[in-house]
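Take a look at the structure below.
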Protein chains: 2
Amino acid sequence: MPVDESPARPPTLNEVAARAGVSLKTASRALNGEPYVSGATERRVRQAADELGYRLNGLARELRTGGTSALVGLISGDLANPFYSAVASGAERELRRHGLLLITVNNDEDSALESSLLSALVERRVRALLVIPSSGGSPIAVGAKAHNVPFVFVDRPPVGLAADSVLIDNAGGARAAAEHLLAGGHRRIALVADLVRTASQQARISAFGAAMRAAGNPDWEPYVRTDVHDAATATRVVGELLALPEPPTALFTTNNQLTIGALRALRGHRHPPALVGFDDFELADVVGVTVVAHDMVELGRAAARLAQERIAGYAGPPRTVVIPTTLIPRGSGER
Amino acid sequence: MPVDESPARPPTLNEVAARAGVSLKTASRALNGEPYVSGATERRVRQAADELGYRLNGLARELRTGGTSALVGLISGDLANPFYSAVASGAERELRRHGLLLITVNNDEDSALESSLLSALVERRVRALLVIPSSGGSPIAVGAKAHNVPFVFVDRPPVGLAADSVLIDNAGGARAAAEHLLAGGHRRIALVADLVRTASQQARISAFGAAMRAAGNPDWEPYVRTDVHDAATATRVVGELLALPEPPTALFTTNNQLTIGALRALRGHRHPPALVGFDDFELADVVGVTVVAHDMVELGRAAARLAQERIAGYAGPPRTVVIPTTLIPRGSGER
DNA sequence: CTGAAAGCGCTAACAC
DNA sequence: GTGTTAGCGCTTTCAG
């Protein structure tokens, strides 16, 4: 039966050893299940530990065993965005399988903050870092090499730097969306995109444009709207597009937030334009939105896997995993 | 200009001191911006640190300064669920203001796993723990007292144990939903609820029942369905309810996942029953779903605040913060 | 202003 | 099987 009231300072291994009447090292061996400890001794030590409410000090152990922790960091945007939280979910699951813990920090889409968070995590001696950078050219990419920590870039590869990355097939997905709308007979197709400075947005935008050019359709060009960064702005921008004298007959939104914003603008419209969105989202099936879907949880899982392999010692050249996309027709893209 | 290729072992403060030609302690003072260091010395040390690519070892510092980290743990269900990720988002933001980092772990709704994760976090000497327990009576509540770490319970208070908690006004919200539907003239009102073993579900269910009794309406009783734990099951259960010879004319779903599942079942129904859902969710406005809304991000923020105050030394009695709810009529609850 | 010594709690070597 | 000694990288005494 536990006796002590929770003390101000947690008990140390030394105290456990003293109580069990053995040496420090023997206590250590017993609690770590190492061989060469007699059963009786082990039992005595365990009991002493229980009585004292002893908990191993992971900090001390990690310092001693090499100065690295069992922690992996994830630097991303706000977890309230389902894209980031899906990645976090997949990463956490995979890491847990290897006894690693995930620290999540929010860069607030600000690269200065991102750098300082990076420092904080490196100081804590995380074993690896998963990063969804606030921008492709962000200082984080530069810092990555300097810190002696494996980096895995998610969704947005660093510019001018080979590194482990997990990417979505942005070009393929955007092309599929473009071709789907073109096949539906559309010509005046609006493109509503997020911050152009991120590599993933760039890839989507340029692949979309390429598909239009390949089809010999220049009519989309007046309807490009970029750097639309949240749902509310998307609602406004789409509203403006629809109010044009010659409004677009179709819409391609390049991420889930923009698609949702667009939906708000389309509500109650008698003849809404066709809509295809990049990223699947909850309720897209109920609302009937055609999307370019991909497995966001798998994105996180794959990133964690690459990180884990680096931790386990893989020292080969950087690898890139590409997550495929699928166009799911649900009505909005087929009208 | 940095010279070294990233070395296998990160440089230590000792090496920085040697390079700068000062003692260990002086280097420490210089880098920590302590007073009583001459400007010239400080500059020399900083330069040496830069050249070596020196990064403070947070593990060692924390061990020396008291064996606690700057980490706060959050044990919850899968972050892919927007409820949990919203809480994580709010908590992370608030903690960051105080220089604390958030470690998120997923209990997979399994209390055995939850206990082991708890141990892992305590061993890492987290400064506080935010917990959304997998169940009210889970062992975590018992363990909480034993560990010498501040606990904050989110959404689900422990049974038989006073502890810092942040709760949603479950009873008030459920009552509002019930009264709203009753005021609409409904009598045969179905209740679709999640796992009864969680305190929050219990509160919602019993307040709903109490409101029905208060209104003298027993007609809801045949339509109670509990322990519906995911959207897919909710879809099936609601489908079954609607197929009854005398189907309910209204539906109350007790969390976001169940509401979404219900929506799938209602799709394409000519005369869908009225629907009120607990928890707001993305696109609820577009789909026109009446909900009992509350600020989930604030839930996390409030929890982090309580934790931070404990860390800062507050030693008073446990406190409970209740987050209010608002019923937002959007159409589905008014038909 | 600067330095030497001690030690946070633990584990790795090497005795016994 | 068990104990002793050292030391992970840092900060905290306490002397200069």
Side-chain angles (χ1 to χ4, degrees), chain A residues 7-46 48-49 52-70 119-120 122-127 148, chain B residues 7-46 48-49 52-70 119-120 122-127 148:
Chain A
R9 191 184 47 69
T12 73
L13 186 54
N14 229 323
E15 288 160 24
V16 174
R19 188 182 186 103
V22 298
S23 83
L24 176 59
K25 180 57 196 167
T26 300
S28 166
R29 274 197 271 258
L31 294 179
N32 288 319
E34 285 175 35
Y36 305 123
V37 180
S38 81
T41 308
E42 173 165 351
R43 242 166 295 129
R44 225 149 17 96
V45 173
R46 286 203 185 284
L52 258 36
Y54 171 75
R55 323 247 60 206
L56 176 80
N57 186 332
L59 252 40
R61 158 185 277 176
E62 285 162 357
L63 176 59
R64 182 62 243 238
T65 54
T68 75
S69 65
S119 288
V122 172
E123 282 181 5
R124 235 126 238 145
R125 293 295 190 264
V126 291
R127 307 270 321 244
N148 197 29
Chain B
R9 192 185 46 69
T12 73
L13 186 52
N14 228 323
E15 289 159 23
V16 173
R19 186 181 187 103
V22 299
S23 84
L24 176 61
K25 178 55 200 169
T26 302
S28 166
R29 274 196 272 257
L31 294 178
N32 288 322
E34 283 174 35
Y36 305 124
V37 180
S38 81
T41 308
E42 174 164 351
R43 243 166 294 130
R44 228 154 11 99
V45 173
R46 284 200 187 285
L52 259 35
Y54 171 75
R55 325 246 57 207
L56 177 81
N57 186 331
L59 251 42
R61 159 183 275 173
E62 285 161 356
L63 176 59
R64 183 61 242 236
T65 55
T68 74
S69 67
S119 288
V122 171
E123 283 182 4
R124 239 125 234 143
R125 292 298 191 261
V126 292
R127 308 268 323 242
N148 197 30

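A note on names: the letters A, B, ... follow the listed sequences, proteins ahead of strands, and every chain is numbered from 1.
What separates CZ of A/Arg125 from C1' of D/dC8 is a distance of 11 Å, to the nearest Å. Rounded to an integer number of Å, the gap from CD of B/Glu42 to C1' of C/dT2 is 14 Å. Rounded to an integer number of Å, the gap from CD of B/Glu123 to P of C/dG9 is 15 Å. For the pair A/Arg44 CZ and D/dT2 C1', the interatomic distance rounds to 11 Å; values are reported in whole Å. Whole-Å rounding puts the A/Asn14 CG to D/dT4 P distance at 11 Å. In this structure, A/Leu63 atom CG and C/dG9 atom C1' are separated by 9 Å, rounded to whole Å. Taking atom CG on A/Asn57 and atom P on D/dC8, their separation rounds to 18 Å, with Å as the unit. Computed from coordinates, the B/Leu59 CG to C/dC10 C1' distance equals 12 Å when rounded to whole Å.
In this structure, A/Thr41 reaches the D/dT2 phosphate: one of its side-chain N or O atoms is under 4.0 Å from OP1 or OP2. Remark: B/Thr12 is not in phosphate contact with D/dG9, judged by side-chain N or O atoms under 4.0 Å from OP1 or OP2. Using a 4.0 Å cut-off, no side-chain N or O of B/Thr26 falls inside it from OP1 or OP2 of C/dC1.
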Review point. What string of B, S and - do you get for nucleotides 11-16 of chain D, 5' to 3', when a contact is any protein heavy atom under 4.0 Å?
Key: BB----
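Counting heavy atoms from C-beta outward, B/Leu13 and B/Leu24 have side chains that approach closer than 4.5 Å.
For B/Leu59 against A/Leu63, the heavy-atom pair with the smallest separation is CD2-N, 4.3 Å.
Nucleotides of DNA chain C nearest to B/Gly39 and B/Ala60 differ in position, and the one nearer the 5' end is that of B/Gly39.
Remark: A/Thr26 OG1 to A/Arg44 CZ distance equals 9.5 Å, nearest 0.5 Å. The distance from atom CD of A/Glu62 to atom CD of B/Glu123, rounded to the nearest 0.5 Å, is 9.5 Å. The distance from the CZ atom of A/Arg61 to the CZ atom of B/Arg124 is 8.5 Å, given to the nearest 0.5 Å. To the nearest 0.5 angstrom, A/Asn14 atom CG is 14.5 Å from A/Arg19 atom CZ. B/Leu56 contributes atom CG, which lies 11.5 Å from atom OG1 of B/Thr12 (distance to the nearest 0.5 angstrom).
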